[in-house]
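Read through the structure below, which is laid out as structure tokens, and then see the notes.
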Amino acid sequence: MIIPAFSKTYGQKKVLDFPGMELQPGNIYAILGANGSGKSTFSKILADVLPADRKIRLEPSIGYLPQKPYAFRMSVRKNILLGGRDIQKAESLAKALSLTELEHKRADRLSGGETARMAMARLMMGTYDVVILDEPTAAMDMETTAAAETLIQSYVRQTNCILILVTHSLQQARRIADEAMFFQKGEVLEYGPAESLLYSPTRVELKRFLEFYGN
Ligand SMILES: Nc1ncnc2c1ncn2[C@@H]1O[C@H](COP(=O)(O)OP(=O)(O)OP(=O)(O)O)[C@@H](O)[C@H]1O
């Protein structure tokens, strides 16, 4: 699937210059980069919640989990069922993300990590060509992060989607990504198999980034 080139400018400042790229279904793409490097801008434009400088046309269906997911003022169970009608699937997702005991709780009263789990379950009720997860486990503890990562991998296997994972965790990228992109100042500085990017990067900027994060 070809993602076309696009850019984003605020005032005089270009904050994103994406060159366009072909992505393969069934793969997890980790998006890495420091704060302000353009990762969320990239995700939001792909998800069509932010316009690019010039309108781009994306044919594929897109599922998007924003950095701060929304909890509708209704039960966790009803929130999950907003993503799709399959009750068995909703129950199995709730179980996989340890939400079963919270199913009848009002979703707008959940903690940050609980909200993140609920929103992931809601998203995974649907199937999409491209799924974008913007730091999906940032608010989760280690145990639920492990469960979420397993679920992300099985979701990709089952649906054969392209999964774009914005993450600050190099360990997470190493555990589950097939491919990786390193953003710096709005540009993709390095792109390729996760293994080579995360263990033997070419660009000095990425080497520094990996060292800085203590990996
Ligand atoms: N509405 C806006 N107006 C002006 N500048 C903006 C706006 N939104 C984002 N930016 C700038 O665009 C750049 C990219 O921001 P973006 O949120 O995409 O970074 P990020 O890589 O996702 O960062 P983080 O790791 O902190 O989430 C930053 O310099 C940011 O300050």
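No hydrogens, no waters, no symmetry mates; every other heavy atom, side chains included, goes into these values. Note that ligands are numbered from 1 as they come in the structure, with each ligand's atoms numbered from 1 the same way.
- Distance check for atom 9 (C) of ligand 1: a protein heavy atom is found below 4.0 Å.
- For atom 11 (C) of ligand 1, the nearest non-hydrogen atom from the set Thr9, Leu16, Val15 comes from Val15.
- Taking all heavy atoms of Lys13, Lys14, Lys39 into account, the minimum distance to atom 25 (O) of ligand 1 is reached by Lys39.
- Under a cutoff of 6.0 Å and an axis angle of 45°, Lys68 and Tyr70 do not form a cation-pi pair.
- Crowding of Lys89 atom NZ: a count of heavy atoms from other residues, nucleotides or ligands under 6.0 Å exceeding 12.
- Residue, atom and distance of the protein heavy atom nearest to atom 4 (C) of ligand 1 are Tyr10 CG, 3.4 Å.
- A donor-acceptor pair under 3.5 Å links the side-chain atoms of Ser111 to the main chain of Glu114, judged by distance alone.
- In this structure, Ala34 is part of the shell of residues with a heavy atom less than 4.0 angstrom from ligand 1.
- Residue-level proximity to ligand 1 for Gln67 is carried by the side chain, the only part with a heavy atom below 4.0 angstrom.
- Considering only non-hydrogen atoms, atom 24 (P) of ligand 1 lies nearest to Asn35 out of Ile45, Asn35, Thr41, Val166.
- Annotation for ligand 1: atoms under 4.0 Å from non-hydrogen atoms of His168 are 25 (O).
- In the candidate list Gly36, Ser40, Ala138, Ser40 is nearest to atom 22 (O) of ligand 1, counting heavy atoms.
- Listed by atom number, the atoms of ligand 1 under 4.0 Å from Gly38 heavy atoms are 14 (C), 18 (O), 19 (O), 20 (P), 21 (O).
- For atom 31 (O) of ligand 1, the protein comes within 4.0 Å by no heavy atom at all.
- Ion pair Arg174/Glu195 not flagged as a salt bridge, since none of the NZ, NE, NH1 or NH2 atoms sits closer than 4.0 Å to an Asp/Glu carboxylate oxygen.
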Apply side-chain hydrogen bond (donor to acceptor under 3.5 Å, both in side chains) to the pair Ser40 and Gln67, showing each step before the final yes or no.
-> CA-CA 8 Å; Ser40 289; Gln67 225 174 76; 3.1 Å; yes
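- With a 4.5 Å cut-off on side-chain heavy atoms, Ile152 and Met120 count as touching.
- Enclosure of atom CD in Glu22 by more than 12 non-hydrogen atoms of other residues, nucleotides or ligands within 6.0 angstrom is indicated.
- Annotation: Phe209 is in aromatic contact with Phe182 [ring centroid separation under 6.0 Å].
- Within the structure, ligand 1 has Ser37 among the residues with a heavy atom less than 4.0 angstrom away.
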